[in-house]
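Below: the structure, in structure tokens.
All values below come from the heavy atoms of this structure, side chains included, with hydrogens, waters and symmetry mates left out. Numbered from 1 within each chain, the chains take letters A, B, ... in sequence-line order.
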2 protein chains.
Amino acid sequence: MKKSRYTCGLDAAMDIMGGKWKVLILWGLCDGPRRFGEVRREVPGISERILTLQLREMEKAGLVLREDYHQIPPKVVYSLTEFGSSLLAALIPLGDWGAEHMARIEAIPRD
Amino acid sequence: MKKSRYTCGLDAAMDIMGGKWKVLILWGLCDGPRRFGEVRREVPGISERILTLQLREMEKAGLVLREDYHQIPPKVVYSLTEFGSSLLAALIPLGDWGAEHMARIEAIPRD
DNA sequence: CAGTATCCCCCGAGATACTG
DNA sequence: CAGTATCTCGGGGGATACTG
């Protein structure tokens with residue numbers, strides 16, 4: 001048993017969206033279902049392996065739905081669940097904040 | 001040059017509050033200025049070294065203000081800047097979301 | 001009290017190659 | 001097309017001891 005309780009809601013929220021990519025994947029799915037390759041294009045810079053891992057974790061967390069059409073060539077479609085949508089909604093103000101201060105954030109020295 | 005541009009506001013926001021502790025430190029400062037030891041108590045589980053490092057980064061980022069009273073025994077007070085406060089404000093909905101779904105988040109299998 | 005100074009370690013993340 | 005299978009690596013984070 002690692003940690004049975006969070007100190008606050010922010011703690012819990014940061015935990016479920018942990019990692020470098022989950023939030024961007026969420027964002028990439030906001031306009032509707034996407035196939036694996038489409039998600040990959042929505043999230044520039046992510047490797048196939050990492051995308052797979054992140055999507056699996058998000059599926060376990062109930063944030064995304066994975067639908068495998070079991071056909072060849074393969075077709076798998078990912079979409080936000082209600083739970084994932086509600087998280088994304090809660091992230092909108094943060095996204096707005098980031099957009100508003102992007103120039104300033106970019107100007108912060110990186111070391 | 002690592003990355004000169006973010007893909008969206010969320011990307012930038014996640015970058016500046018990166019790491020495991022910054023959000024909790026922000027949260028710990030929301031009720032007013034705190035001395036080093038007080039912040040430590042507000043953020044259970046963090047070590048002195050890590051707290052120092054995180055606070056330094058947040059100071060560089062302009063999120064917190066560090067005031068050294070240059071006295072012995074030492075007294076250093078940390079507080080949120082306007083910038084930090086605005087970020088914290090943008091995080092409120094996320095904190096609410098996390099609090100609302102804490103039980104569910106806690107129930108997610110951790111491996 | 002508010003930090004440094006060391007040392008260590010895990011794992012998130014990347015690159016590349018291969019497959020049903 | 002949508003993934004595995006390996007291998008590798010860096011550094012963020014942790015524990016502990018020491019200091020002005």
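- Between the side chain of B:Ser85 and the backbone N or O of B:Leu80 there is no donor-acceptor pair closer than 3.5 Å.
- Contacts between residues 25-42 of chain A and DNA chain D, defined by a heavy-atom separation under 4.0 Å, are made by A:Arg35, A:Phe36, A:Gly37.
- Of the candidates D:dG3, D:dG14, C:dG3, D:dG3 carries the atom nearest the A:Glu48 side chain, counting heavy atoms from C-beta on.
- No chain of hydrophobic side-chain contacts below 4.5 Å, direct or via other Ile, Leu, Val, Met, Phe, Trp or Tyr residues, connects A:Leu63 to A:Val77.
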Worksheet item: Given Watson-Crick or G-U pairs with both distances under 3.5 Å, what dot-bracket string fits DNA chain D, with | for other-strand pairs and [ ] for crossing?
Response: ||||||||||||||||||||
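- Distance B:Ile50 CD1 to D:dG14 C1': 6 Å, rounded to the nearest Å.
- Heavy-atom contacts from other residues, nucleotides or ligands closer than 6.0 Å to CH2 of A:Trp97 number more than 12.
- Computed from coordinates, the B:Arg49 CZ to C:dC1 C1' distance equals 19 Å when rounded to whole Å.
- In this structure, B:Leu53 places its CG atom 10 Å from P of D:dG12, rounding to the nearest Å.
- For the pair A:Met17 and A:Lys22, the tightest heavy-atom approach, listed with the atom from each and the gap, is O-CB, 3.9 Å.
- Nearest heavy atom pair, residue A:Leu26 against residue A:Met58, reads CD1-CE, 3.4 Å.
- Residues that satisfy the side chain to side chain donor-acceptor pair (under 3.5 Å) test with B:Arg34, not counting sequence neighbours, are B:Glu42.
- At least one side-chain nitrogen or oxygen of A:Arg56 sits closer than 4.0 Å to the OP1 or OP2 atom of D:dT4.
- Residues from residues 62-77 of chain A placing a heavy atom under 4.0 Å of any atom in DNA chain C, listed by number, are A:Pro74.
- Residue B:Leu65 shares its hydrophobic cluster (ILVMFWY side chains chained together at separations under 4.5 Å) with no other residue.
- Counting only residues at least two apart or on different chains, the side-chain hydrogen bond (donor to acceptor under 3.5 Å, both in side chains) pairs with a member in residues 66-76 of chain B are B:Arg66-B:Tyr78.
- Following rounding to the nearest Å, B:Trp21 (CH2) and D:dG13 (P) show an atom-to-atom distance of 9 Å.
- For B:Gln54, a side-chain nitrogen or oxygen approaches OP1 or OP2 of D:dG13 to under 4.0 Å.
- Applying the 4.0 Å criterion to OP1 and OP2 of D:dC1, one finds that A:Tyr78 has every side-chain N and O outside that range.
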